[in-house]
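FYI, side chains are in, hydrogens and waters are out, and symmetry mates aren't considered; it's all heavy atoms of this structure.
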Amino acid sequence: MQKPKTFLGWAGVVFMLTVIAVIVMVAASIAFVVVAGVAIIGAVISLLLLLAKRKTSDDG
């Protein structure tokens, strides 16, 4: 890739890098939401299992 020679060429390069950065940030935020959701679901399931185990051990 050769260096752009005009100001508009540099603006295009900066715009392209900005678009790539925004895409990466959106992908990272989506991944964070997915990971946080899985962690919350895992915590709820483990809490329910713990409560169920405690309830059965109290009965017996």
### Task
Could you pull out the closest heavy-atom pair between Ser46 and Ala43, with the gap in Å?
OG-O, 2.9 Å
Hey, could you give me the [atom1]/[atom2] distance between [X] and [Y], rounded to the nearest 0.5 Å?
{"X": "Lys55", "Y": "Leu48", "atom1": "NZ", "atom2": "CG", "result": "10.5 Å"}
{"X": "Ile40", "Y": "Ile45", "atom1": "CD1", "atom2": "CD1", "result": "12.0 Å"}
{"X": "Leu50", "Y": "Arg54", "atom1": "CG", "atom2": "CZ", "result": "5.5 Å"}

#### Entry: Sole candidate of Val13, Leu17, Val19 that passes side chain to side chain contact (heavy atoms under 4.5 Å, CB included) when paired with Phe15
Val19
